[in-house]
Structure formats: C-alpha cells, structure tokens
Amino acid sequence: MKQIETDVNEKLIPVPANITSVLRGVWSMGALTAATNLKIFDALADGPEKAEVIAERCGITLAAARVIARALAGLDLLTLEPLSERFSLSEEAAIYLVSDQPLYLGHYIEVHSKIQSHWQSLEQVARSGEPVTRVNEEGDAQSFFPALAASLFAMNYSHASQVADRFQALIPEDRPFRVLDLACGSGVWSIPLAKESAGVKVDALDFEAVLDVTRRFTENNGVAHSYQYLAGDWRQVELGEERYDLVLLGHILHSEGIEDSGALLDAVTRALKKGGHVVIAEFVIGDCGTKPAAVAMFAINMFILTSRGCIFSQKELSNMLKDRGYENIEPLAENTSYEAMVLIGKKKS
Ligand SMILES: C[S@@+](CC[C@H](N)C(=O)[O-])C[C@H]1O[C@@H](n2cnc3c(N)ncnc32)[C@H](O)[C@@H]1O
C-alpha cells in the first residue's frame with residue numbers, strides 16, 4: 001500500500017465527507033422506516049409533545065424516543081422547540097407520514113425497503129449484465145407492480161392534481177373529454193381530473209393484476225363511473241386513432257427504455273386527436289447527466305430491475321416529442337428542485 005505523505009507543508013488532506021454522508025444514507029432510511037413502523041409520527045399528529053409522551057404512546061424506551069426524534073428533526077421531518085423540549089411534525093410529515101392521512105406513504109416505505117433488498121445484487125448485475133428481475137415484462141410485472149402502483153398514489157398525487165388544474169379549463173361542456181391513462185397503476189394521474197368533471201371519460205390501461213388496484217382507487221375516490229379498463233401490455237392493446245384529448249404517461253417511459261419509449265410515443269401520437277395533449281411524468285436528469293444524484297441512482301435501480309430501463313433528460317424527452325410533431329412543449333412547473341417532473345406537449349392541429 002502507498003505510504004501517505006504527512007509533510008505538514010503539503011496541501012491539506014480533505015475529510016471524507018461525501019463518502020461518510022453516502023454511507024450514512026442507509027441510516028436515514030432505517031430511522032424513517034422504524035419511526036413509521038413505531039408510529040412516532042402518529043404520536044405527534046395532534047400537536048407537539050415531549051419525548052416522554054412519544055415513548056409512552058409508541059411503547060418504546062425514553063432513550064430511544066429521544067435519539068430517534070432528534071435524528072428525525074435533523075432530517076427536517078420533525079422540529080424540536082428547544083425551550084419546551086417538544087417535538088412537532090414538519091408540514092411534509094403531517095401530510096405523508098401520519099397513518100390515517102389520505103396521502104400516507106407508509107406503503108411506499110415498505111415497498112421501498114423491498115426494492116432496496118435487490119440492491120444487494122448490484123455487483124452481480126454489473127458483472128453479468130443481467131438484471132435480477134425484469135419488471136418491464138409482463139410475468140414479473142404482474143407480481144411486482146400491484147403493491148408498488150398502489151403505494152405510488154400518495155407519491156404522485158401532488159403533481160397529478162396540478163395536472164388536473166392545468167387541464168380543467170380545456171374540459172368541454174358539450175362533449176366528453178377523453179383521457180387515456182396509460183400504465184395507470186392506481187389511476188393517480190387521471191383521478192384528480194375525473195373529479196373535476198363528470199364529462200371526463202378515462203380509459204385506464206395496465207396489466208390485469210394492476211387494474212384491480214385501479215378499480216379500488218377509482219371506487220374509493222368516487223369516480224369509478226367515469227372509467228373503462230383496458231387490460232394488457234400496451235403493445236398488444238389497440239389504442240385507436242385520434243380518439244383521445246389527453247394521454248397520461250405517468251412514470252412508464254423509464255421502464256421501457258429509449259427504443260420502446262419511441263414506439264410507445266408513436267402509438268400515443270396516433271391515438272391522440274389533433275390539438276390533444278400528452279403528459280409525461282418522469283424522473284429527469286440534468287443535461288450534465290449526473291445530477292440530481294437521486295435520478296442518477298434511479299438509473300441504477302432500472303439497471304437492477306429491468307432489461308432495458310433508463311432515465312431521460314428534459315431535452316431528450318422534448319426532442320422525442322418534437323420529432324413526432326408536438327408543439328408548446330413545456331414543463332408543468334419551472335425550476336422545481338424535486339427529482340420528478342411533468343412535461344406537457346400538444347399534438348399539432
Ligand atoms: C411505476 S408504475 C406507475 C404507475 C402510475 N402511472 C403512477 O405514476 O403512479 C408503472 C406502471 O406501468 C405498468 N406497466 C409496465 N409495463 C407495462 C406494459 N408493457 N403495458 C402496460 N402497463 C405497463 C405497471 O404495471 C405499473 O402499473
């Protein structure tokens with residue numbers, strides 16, 4: 001091994017801050033998972049409390065309540081008021097981490113832990129070039145997606161309701177507004193739109209096992225009457241020609257890969273009416289190809305779980321739409337720091 005020069009005149013050796021921060025990422029996930037399972041966020045749902053109350057409500061020791069709650073405050077999921085020594089929920093935790101809230105992410109946290117177990121195989125996948133599973137193919141998809149798709153409802157609801165706001169004004173009064181929610185999962189991208197107006201008529205397409213989840217969510221949200229279901233792989237389902245006013249592609253292109261995403265967009269473009277819109281929700285990498293780091297990590301996730309999945313930059317997605325004759329291509333919101341974005345394009349009239 002090379003000897004480290006310890007000459008004091010040499011330039012200062014940096015501390016390994018990035019490396020330790022990466023290694024301790026799993027601790028953050030462990031703390032969040034345990035706190036959710038122990039119902040620490042539920043214990044604070046009615047207002048700020050001291051560690052003693054958290055300990056009693058969650059059936060854990062006082063020492064555990066103190067260290068876990070402080071760490072969660074360090075992660076900005078709780079806040080600690082120093083004088084009263086009381087912990088309270090951050091706005092995000094109140095919406096997403098309290099178990100009786102409609103957008104509770106507990107199920108997503110469970111599924112995420114399962115996905116995480118596949119990461120143990122990254123070295124093997126890197127050597128063999130073979131993923132551990134191929135969730136982009138029907139056999140594996142039918143067992144993998146029902147739980148994931150259900151858990152993604154809460155993840156995507158905020159953006160999906162912004163999409164509904166954006167299209168509300170385009171819903172005509174004198175005829176149905178036809179929507180194709182392709183790879184619909186829970187139906188999260190179309191449900192807020194269907195809630196806007198009974199004139200919205202949705203064709204929800206996914207594998208049969210996932211459509212059971214879609215039916216559950218459309219019923220629970222009181223919009224089942226606006227839905228028809230198309231079961232199967234999109235490659236085999238007839239999407240028709242100039243049938244839809246809006247096609248929603250929520251987090252599907254990344255598992256299809258570049259070539260098949262092109263074929264999917266060709267089929268979608270045929271199915272859209274002239275002047276209709278496509279909405280693409282995706283994890284989008286910056287033009288540098290490396291940041292946000294979470295998206296670059298997601299590319300590894302695709303490498304482990306699919307046979308051809310990938311990530312896209314906004315420029316790549318925009319070019320795919322431009323090449324197919326779309327105009328007015330723009331993100332739903334500018335400058336969001338979040339890893340997922342929504343891109344909208346209009347098929348030329
Ligand atoms: C990541 S989930 C996204 C679900 C939903 N659109 C959302 O954003 O929450 C991907 C969905 O695509 C579906 N899917 C994957 N490959 C498909 C295919 N070839 N044909 C139809 N659906 C597919 C999966 O079953 C799953 O529901």
Side-chain angles (χ1 to χ4, degrees), residues 29 107-153 155-156 180-189 204-217 229-239 247-268 280-285 289 293-313 316-317 320 339-340:
M29 184 178 158
H107 304 297
Y108 180 73
I109 292 169
E110 265 171 47
V111 174
H112 207 277
S113 297
K114 283 190 191 132
I115 291 175
Q116 199 53 35
S117 64
H118 288 307
W119 276 65
Q120 309 296 334
S121 310
L122 177 55
E123 289 170 32
Q124 172 206 317
V125 171
R127 288 201 180 90
S128 68
E130 287 296 315
V132 286
T133 168
R134 293 162 190 266
V135 302
N136 54 313
E137 293 172 19
E138 186 157 3
D140 288 355
Q142 297 257 28
S143 59
F144 177 81
F145 276 118
L148 176 66
S151 74
L152 288 177
F153 185 85
M155 283 290 287
N156 291 325
L180 172 63
D181 189 351
L182 194 147
C184 59
S186 63
V188 59
W189 293 97
L205 186 157
D206 211 306
F207 296 121
E208 185 59 54
V210 179
L211 288 179
D212 288 340
V213 174
T214 326
R215 288 187 187 94
R216 197 173 83 227
F217 276 88
Y229 300 91
L230 304 173
D233 188 320
W234 61 266
R235 292 168 187 79
Q236 265 96 53
V237 179
E238 179 50 52
L239 302 182
V247 177
L248 302 165
L249 298 175
H251 293 284
I252 176 65
L253 298 187
H254 58 242
S255 58
E256 296 303 304
I258 291 179
E259 258 179 43
D260 286 38
S261 289
L264 174 51
L265 284 175
D266 287 340
V268 161
I280 298 174
E282 268 306 328
F283 298 111
V284 173
I285 196 81
V295 179
M297 292 295 140
F298 189 77
I300 299 183
N301 202 49
M302 289 296 94
F303 199 63
I304 296 172
L305 297 179
T306 71
S307 53
R308 53 175 177 265
C310 66
I311 50 171
F312 298 90
S313 67
E316 285 169 326
L317 292 173
M320 287 167 89
E339 59 203 41

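Residue numbers run from 1 in the order of the sequence given.
Screening N156, I280, L152 for a side-chain contact (heavy atoms from CB on, under 4.5 Å) with H251, the sole residue that qualifies is N156.
The two residues L305 and V132 come nearest to each other via the heavy atoms CD2-CG2, 4.5 Å. Of all heavy-atom pairs spanning W189 and G250, the tightest one is NE1-CA, 3.6 Å. For the residue pair G257 and C310, the shortest heavy atom distance occurs at CA-SG, 3.7 Å.
A ring-centre distance under 6.0 Å is not found for F145 and F207.
V125 is listed as a side-chain neighbour of F303, based on a closest heavy-atom distance under 4.5 Å. Considering only heavy atoms from C-beta on, P131 stays 4.5 Å or farther from M302 through its side chain.
Every residue two or more places apart in sequence or in another chain was checked for a side-chain hydrogen bond (donor to acceptor under 3.5 Å, both in side chains) with Q124, and none qualifies. In terms of the side-chain hydrogen bond (donor to acceptor under 3.5 Å, both in side chains) criterion, D206 has no residue partners (sequence neighbours excluded). Applying the side-chain hydrogen bond (donor to acceptor under 3.5 Å, both in side chains) test to S307 and every residue at least two apart in sequence or in another chain returns N136, E137.
To the nearest 0.5 Å, atoms CD (E259) and CZ (R308) are separated by 9.0 Å. In this structure, the separation between CD1 on I304 and OG1 on T133 is 11.5 Å, given to the nearest 0.5 Å. Between the NE2 atom in H112 and the CG atom in L148 there is a gap of 9.5 Å [rounded to 0.5 Å].
With hydrogens and angles disregarded, no donor-acceptor distance shorter than 3.5 Å links the side chain of S186 to the backbone of T214. Side-chain atoms of E282 come within 3.5 Å of backbone atoms of H254 as a donor-acceptor pair (strictly under, hydrogens ignored). Between the side chain of E208 and the main chain of A231, no donor-acceptor pair closer than 3.5 Å is present.
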